[in-house]
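Single-structure report; data block below.
Heavy-atom basis, side chains included; hydrogens, waters and symmetry copies ignored.
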Amino acid sequence: MKKTNYLLLGCISFLLAGALPARAQAPDELQAFQQAAGDRSALFRGRQAVRYTFQVNGNPYWYFPDFERGDILCEGNFYRDVPINIDAREQRALVQLSSGVFAVALSPAQAPSFTMGKRRFIGAGPGEALPEGFYEVFGNGPEHVYKHVAKYLNSSVANMNGDPIGYYDPDYKSHILRYFALRVTYYFQDADGNISRFKGRGALLRKFPGRRKEIRQALQAAGMDRSSIPFDSYCEAVLNSASAR
């Protein structure tokens with residue numbers, strides 16, 4: 001990995017110095033920087049994103065492996081319409097270069113705010129109110145809900161209907177299921193900026209002690225109180241109802 005990082009930084013330094021060889025003689029990586037850098041060169045000073053080449057079920061990304069177009073604030077500079085994703089295992093925002101061959105990985109402190117499609121995210125660095133990492137943001141009023149997604153590698157010896165699944169490990173003479181496990185955490189920020197962790201729908205409603213009844217009535221009228229409503233959508237509906245009053 002260190003060798004890859006040095007290559008990435010070396011390519012950028014080479015570009016910024018202006019000592020570029022002829023395009024026909026440049027390697028693919030350097031051509032990608034030539035095409036993508038320009039006024040976005042500061043955005044591409046991060047380390048190269050981790051490439052997952054081992055066999056494992058699931059994916060390490062926030063939602064899907066596909067990149068989405070979005071806007072990002074990176075080290076004080078704002079960039080529009082770039083391909084973005086999140087590595088939930090490494091807690092890094094990924095910005096894909098124009099070639100699509102590899103991506104640059106940015107820490108939460110480097111990328112404090114960005115969008116992926118219509119979804120909004122923030123990055124919390126060390127020492128901030130939220131634990132370090134990335135968070136999806138719900139709510140447009142004085143209160144907000146922050147969703148944190150973390151993924152980690154896990155494994156088990158699994159069997160389904162008598163048929164083994166996963167990957168054969170000759171040392172254990174069995175099939176090992178390797179997969180990305182998911183951990184999702186929610187935080188609430190009140191109108192005064194106080195942040196607390198919560199679990200479940202009832203816990204979120206209790207964050208509005210003086211408006212709980214009105215919010216419940218609004219949710220019921222909108223059909224958003226059903227158990228089949230996804231929790232993220234429920235959080236949005238609660239916050240919208242709260243900010244409307």
Legend entry - Ser107 (side chain) donor-acceptor with Gln110 (main chain) under 3.5 angstrom: yes
Legend entry - Whether Gln217 side chain and Glu214 backbone form a donor-acceptor pair below 3.5 Å: no
Inset, instruction - Please go through Tyr152's hydrophobic cluster and name the other residues, only I, L, V, M, F, W, Y counting, with side-chain heavy atoms under 4.5 Å joining them. - result: none
Legend entry - Residue Phe78 excluded, over 12 heavy atoms near CZ under 6.0 Å: yes
Inset, instruction - Count the heavy atoms of every other residue, nucleotide or ligand shown that sit under 6.0 Å from CD of Gln220, and state whether that count exceeds 12. - result: no
Legend entry - Test side chain to side chain contact (heavy atoms under 4.5 Å, CB included) applied to Leu130 and Ile122, step by step: CA-CA 10 Å; Leu130 289 166; Ile122 61 168; 4.0 Å; yes
Inset, instruction - Using the ring of Tyr234 (Phe, Tyr or Trp, six-membered ring only), decide whether Arg201 places NZ or CZ under 6.0 Å from its centre and within 45 degrees of its axis. - result: yes
Legend entry - Residues Phe114, Leu73; criterion side chain to side chain contact (heavy atoms under 4.5 Å, CB included); working and verdict: CA-CA 6 Å; Phe114 60 93; Leu73 179 66; over 6 Å; no
Inset, instruction - Hey, could you give me each pair passing side chain to side chain donor-acceptor pair (under 3.5 Å) that has a residue in residues 222-231? Not counting sequence neighbours. - result: none
Legend entry - Partner of Phe121 under ring-ring contact (aromatic ring centres under 6.0 Å, His included), chosen from Trp62, Phe134, Tyr135: Trp62
Legend entry - side chain to side chain contact (heavy atoms under 4.5 Å, CB included) evaluation trace for Leu219 with Ile229: CA-CA 11 Å; Leu219 293 174; Ile229 299 297; over 6 Å; no
Inset, instruction - For the pair Tyr146 and Glu136, evaluate side-chain hydrogen bond (donor to acceptor under 3.5 Å, both in side chains) and give the outcome as yes or no after the intermediate values. - result: CA-CA 6 Å; Tyr146 299 105; Glu136 187 170 358; over 6 Å; no
Tell me, please, which residues at least two apart from [X] pass side chain to side chain donor-acceptor pair (under 3.5 Å).
X	answer
Glu90	none
Glu143	Arg211
Glu236	none
Lys151	Asn59

Inset, instruction - Run the salt-bridge test on Lys147 and Asp232 with the 4.0 Å N-O cut-off and return the result as yes or no. - result: yes
Inset, instruction - May I ask you to decide whether Asp87 forms a salt bridge with Arg92, counting only side-chain N to carboxylate O separations under 4.0 Å? - result: no
Inset, instruction - Test side-chain hydrogen bond (donor to acceptor under 3.5 Å, both in side chains) on Thr185 and Lys199 and set out the steps. - result: CA-CA 8 Å; Thr185 312; Lys199 294 181 180 181; over 6 Å; no
Inset, instruction - Side-chain contact test, heavy atoms from C-beta onward, threshold under 4.5 Å: evaluate it for Ile84 versus Leu94 and give yes or no. - result: no
Legend entry - Tyr187 side chain near Phe198 side chain, heavy-atom distance below 4.5 Å: no
Inset, instruction - Verify side-chain hydrogen bond (donor to acceptor under 3.5 Å, both in side chains) between Asn85 and Tyr61, making sure each step is shown before the conclusion. - result: CA-CA 7 Å; Asn85 204 341; Tyr61 305 104; over 6 Å; no
